[in-house]
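Here is how names work: the chains are called A, B, and so on, in the same order as the sequence lines, proteins then strands, and each is numbered from 1.
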Amino acid sequence: MVSNAAVLFPDWAYKPTWSPGSRQIQLWHFLLELLGRGEGGAIGWGGEWGEFVIRDPEMLARLWGERKGKPHMNYDKLSRALRYYYNKRILHKTKGKRFTYKFNFSKLILVNYPGYPPPAPPAPPAPSHQVIHHVFTSS
DNA sequence: ATCGGAATGA
DNA sequence: TCATTCCGAT
């Protein structure tokens, strides 16, 4: 079966909030949750890596509203929250494609890690003799 | 549909 | 800080 790629993050990727003890589920966590679940109707992965399509905007809003205890949530308001992710570089819009957005996975981890370096170092890179190195300058 | 300012809440 | 709400502009 063509399974959805499970997108799992290490614990520390799930951003602790500024207010300890009152952590709230974040929208992008919720989206990943549905996406990873292959929840069917409301949302699904798109063509490119990290791209997703909202098939049923109002349904998604309903689910999000239930999770947050906001019965009057709708797509207009949910999408405003998505737009705030643009500056944070968590998401961007796939222009020209209706209801289609794309995760910036590489940024997600960094942006949400409270103070590098990570306590648990990732797998040590195994550089081959043939290396294509791309240097990213941090902002 | 999509964008982003502004006020407000938790 | 991350939304929620409202809304005028594109």
Side-chain angles (χ1 to χ4, degrees):
Chain A
M1 46 241 65
V2 183
S3 59
N4 292 300
V7 180
L8 298 177
F9 291 89
D11 289 344
W12 52 260
Y14 288 81
K15 183 194 263 182
T17 56
W18 46 280
S19 171
S22 68
R23 65 188 175 286
Q24 277 259 216
I25 179 82
Q26 262 158 280
L27 180 53
W28 66 271
H29 296 166
F30 180 73
L31 295 179
L32 253 23
E33 192 179 301
L34 294 186
L35 253 6
R37 205 184 286 168
E39 188 73 10
I43 191 174
W45 290 115
E48 304 194 15
W49 193 67
E51 193 175 82
F52 63 93
V53 181
I54 298 167
R55 302 196 198 97
D56 188 338
E58 293 306 328
M59 168 61 111
L60 178 64
R62 202 198 98 241
L63 295 171
W64 175 232
E66 281 175 9
R67 176 63 68 92
K68 285 289 291 290
K70 294 286 175 181
H72 303 301
M73 181 52 57
N74 59 29
Y75 181 67
D76 177 68
K77 290 184 264 190
L78 185 153
S79 62
R80 182 69 188 89
L82 292 181
R83 267 172 247 132
Y84 273 127
Y85 285 149
Y86 298 169
N87 285 338
K88 298 179 184 175
R89 305 232 201 145
I90 289 173
L91 285 182
H92 64 78
K93 187 76 180 66
T94 299
K95 289 164 188 168
K97 289 187 181 178
R98 208 161 166 253
F99 304 129
T100 302
Y101 300 79
K102 190 172 168 179
F103 276 104
N104 289 321
F105 287 131
S106 55
K107 281 286 176 183
L108 268 189
I109 302 298
L110 297 177
V111 158
N112 286 281
Y113 183 68
Y116 327 64
S128 65
H129 47 78
Q130 181 178 335
V131 176
I132 301 172
H133 240 104
H134 212 90
V135 177
F136 290 80
T137 54
S138 55
S139 51

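A search for ring pair (Phe, Tyr, Trp, His ring centres under 6.0 Å) contacts involving Phe52(A) returns Tyr101(A), Phe103(A), not counting sequence neighbours.
OP1 or OP2 of dC3(B) has at least one side-chain nitrogen or oxygen of Tyr86(A) nearer than 4.0 Å. Contact annotation: Lys93(A) reaches the phosphate of dT2(B) (side-chain N/O to OP1 or OP2, under 4.0 Å). Residue Tyr75(A) has a polar side-chain atom (N or O) positioned under 4.0 Å from OP1 or OP2 of dT2(B). OP1 or OP2 of dC2(C) has at least one side-chain nitrogen or oxygen of Lys88(A) nearer than 4.0 Å. Under 4.0 angstrom from either OP1 or OP2 of dA3(C) there lies at least one side-chain N or O belonging to Gln26(A). Between Trp64(A) and the phosphate of dT4(C), there is a side-chain N or O to OP1/OP2 separation shorter than 4.0 Å.
Separating the CD1 atom of Ile25(A) from the P atom of dC2(C) is a distance of 14 Å, rounded to the nearest angstrom. One interatomic measurement links the two molecules: NZ of Lys97(A) to P of dC3(B), which rounds to 15 Å at whole-angstrom precision. In this entry the distance linking CG of Leu31(A) with C1' of dC2(C) reads 14 Å, nearest Å. At whole-Å resolution of the value, CD in Gln24(A) and P in dG9(B) are 16 Å apart. Phe30(A) places its CZ atom 16 Å from the C1' atom of dC2(C), with the value rounded to the nearest Å.
Follow the hydrophobic side-chain contacts under 4.5 Å out from Leu60(A) and you never reach Tyr84(A); the two are in separate clusters. Phe30(A) and Val53(A) sit in two unconnected hydrophobic clusters of ILVMFWY residues. Membership requires side-chain heavy atoms under 4.5 Å apart, directly or through other members. One hydrophobic cluster holds both Leu34(A) and Ile25(A) under the rule that ILVMFWY side chains link at heavy-atom gaps under 4.5 Å.
Counting any heavy atom pair closer than 4.0 Å across all strands shown, Tyr85(A) reaches sugar-phosphate atoms only and no base atom. Among the protein residues, Lys95(A) comes within range of no part of the nucleic acid, since none of its heavy atoms lies under 4.0 Å from any strand.
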### Task
Run the numbers on Lys77(A) and Lys70(A) for side chain to side chain contact (heavy atoms under 4.5 Å, CB included), then give the verdict.
CA-CA 11 Å; Lys77(A) 290 184 264 190; Lys70(A) 294 286 175 181; over 6 Å; no
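Residue pairs meeting the salt bridge (charged side-chain N to carboxylate O under 4.0 Å, His left out) criterion with at least one partner in residues 58-67 of chain A, sequence neighbours excluded, are Glu33(A)-Arg67(A), Arg62(A)-Glu66(A).
Between Leu63(A) atom CG and Leu78(A) atom CG the span is 10.0 Å, to the nearest 0.5 Å.
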Taking only nitrogen or oxygen atoms into account, show me every contact under 3.5 Å that the protein makes with nucleotides 5-10 of chain C, one pair per line with its distance.
unit_1, atom_1, unit_2, atom_2, d
dT5(C), OP2, Lys77(A), NZ, 3.2

